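Structure first, commentary second.
Order of the sequence lines sets the chain letters (A, B, ...), proteins ahead of strands, with each chain counted from 1. From a predicted model like this one, the values you see are computed outputs, not experimental measurements.
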Protein chains: 2
Amino acid sequence: VMDEDATRLRLRILFGSNAMLGPGKAELLEHIRDTGSITAAGAAMGMSYKRAWSLVETLNATFREPVVVTARGGVKGGGAQLTETGLAVLAHYRRIEDLLREVGADDLAALRALLAE
Amino acid sequence: VMDEDATRLRLRILFGSNAMLGPGKAELLEHIRDTGSITAAGAAMGMSYKRAWSLVETLNATFREPVVVTARGGVKGGGAQLTETGLAVLAHYRRIEDLLREVGADDLAALRALLAE
DNA sequence: TAGGGTTATGTTCCTGAAAACATAACGGAG
DNA sequence: CTCCGTTATGTTTTCAGGAACATAACCCTA
């Protein structure tokens, strides 16, 4: 296999007591944005529709305006897409992730040098 | 109650496939450093000794040199303390956390403005 | 040599989150 | 007016991580 240096940083944003946004929901939002479907987005992540929908529901309840809007029925059965708020939330998450990778590079490298194996 | 704006960033460092270091183990290391005891450190976090010890074991297995060294018996029954490696690992984690807080402040504020309630 | 506080380790029980399974509603197209 | 793919929601089952419980080993001191 490839080198696959799986030593990396993971970011999670906590909102209040229970709501949060981490790598999973972020990736799900991206898939919804790209596919226009909660079903397809979930499938792309090996996740059941119910779970994907549940995550979307949680996100929608977290923000003042919904992050994903959905439609039932119609030509293609329906669909889903990100709102402006959803796009903004996703962008902010990815931005913080990028900044984290940058500023954390040195310390992360130092930690790598201490690893076993 | 106080304002308690619980909107914050959480950092986790992934090493390889299963080993990781997050807020829990970091705090535990700090308590061990400060108390010289796994038992006391665990208690300070409302955690059983077994669990605390298990986390330490995992950490020790993650790095080339142990992060915590222990002693059994003796005047005070024994104890535990951080090694140079342990102190370094902790310092790096806290440093990345601090940097993250700094560089993420703006985007985090923007996200706060989108929250419900 | 007994006591005390700690490390070390095993076993069983609980619980909350995810998976699995099931069903209904929707609405454009043909 | 039926079909299709999707959203929406409920119920049951599974499972892994933690909690709870139990016990042994260690070693300095008094």
Side-chain angles (χ1 to χ4, degrees), chain A residues 10 12 14-15 17-62 65-83 86, chain B residues 10 12 14-15 17-62 65-83 86:
Chain A
R10 173 180 291 179
R12 179 152 295 169
L14 305 182
F15 304 109
S17 43
N18 39 13
M20 57 183 69
L21 173 60
K25 293 205 193 86
E27 186 183 345
L28 184 66
L29 288 183
E30 268 173 355
H31 282 296
I32 292 174
R33 179 198 60 193
D34 295 343
T35 64
S37 157
I38 294 179
T39 297
M45 298 178 63
M47 173 187 308
S48 71
Y49 167 81
K50 179 171 180 88
R51 171 147 179 69
W53 180 86
S54 170
L55 294 178
V56 168
E57 185 190 37
T58 301
L59 279 176
N60 277 344
T62 299
E65 295 175 25
V67 168
V68 172
V69 286
T70 59
R72 292 207 287 190
V75 54
K76 295 208 162 176
Q81 58 180 3
L82 296 201
T83 62
Chain B
R10 172 180 292 181
R12 179 152 294 170
L14 305 183
F15 304 108
S17 44
N18 39 12
M20 56 183 69
L21 172 60
K25 292 205 194 85
E27 187 184 344
L28 184 66
L29 288 183
E30 269 173 355
H31 282 296
I32 292 175
R33 179 196 60 193
D34 295 343
T35 64
S37 156
I38 295 178
T39 298
M45 297 178 65
M47 174 188 307
S48 71
Y49 166 80
K50 179 172 180 89
R51 173 148 176 68
W53 180 85
S54 169
L55 296 178
V56 168
E57 185 189 37
T58 301
L59 280 176
N60 277 344
T62 300
E65 295 175 25
V67 168
V68 172
V69 287
T70 60
R72 293 206 289 191
V75 52
K76 294 207 163 177
Q81 58 179 3
L82 296 201
T83 62

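Positionally, the nearest nucleotide of DNA chain C for B:T39 lies more toward the 5' end than for the other of A:R51 and B:T39. Annotation: of the two residues near DNA chain D, B:V75 and B:G46, the 5′-most nearest-nucleotide partner is B:G46.
Picking from D:dT9, C:dT7, D:dT7 the nucleotide with the shortest atom distance to the side chain of A:I38 gives D:dT7. Here the nucleotide nearest the side chain of A:R72, chosen from D:dC26, D:dT7, C:dT9, is D:dT7. When distances run from any side-chain atom of A:S37 to the nucleotides D:dC26, D:dT6, D:dT9, the shortest one goes to D:dT6.
In this model, the phosphate group of D:dT6 is not approached by any side-chain N or O of A:T70 to a distance below 4.0 Å at OP1 or OP2. Distances shown here put every side-chain N or O of A:W53 at or beyond 4.0 Å from the OP1 or OP2 atom of D:dT7.
Distance CE/A:M47 to CD/A:E27: 7.5 Å, rounded to 0.5 Å.
Taking 4.5 Å as the limit, every side-chain heavy atom of A:V56 sits out of range of all side-chain heavy atoms of A:V67. Side-chain contact check for A:P23 versus A:R12: some heavy-atom pair is nearer than 4.5 Å.
As a whole-Å value, the separation of A:M20 CE from C:dA17 P is 10 Å. One interatomic measurement links the two molecules: CG of A:N18 to P of C:dG16, which rounds to 15 Å at whole-angstrom precision. Separating the CE atom of B:M45 from the P atom of D:dA19 is a distance of 11 Å, rounded to the nearest angstrom. Atom OH of B:Y49 and atom C1' of D:dA22 are 15 Å apart (whole Å). Between the P atom of C:dT6 and the CD atom of B:E57 lies a distance of 20 Å, rounded to the nearest Å.
The main-chain N or O of A:T58 is found under 3.5 Å from a side-chain atom of A:T62 such that the two form a donor-acceptor pair.
Within 3.5 Å, a donor on the side chain of A:K50 pairs with an acceptor on the base of D:dG10, or the reverse.
No engagement by A:S48 is indicated, since no non-hydrogen atom pair under 4.0 Å with the nucleic acid exists. Among the atoms of the strands shown, base atoms are found under 4.0 Å from some heavy atom of B:G74.
Atom CD of A:E30 has more than 12 heavy atoms from other residues, nucleotides or ligands within 6.0 Å.
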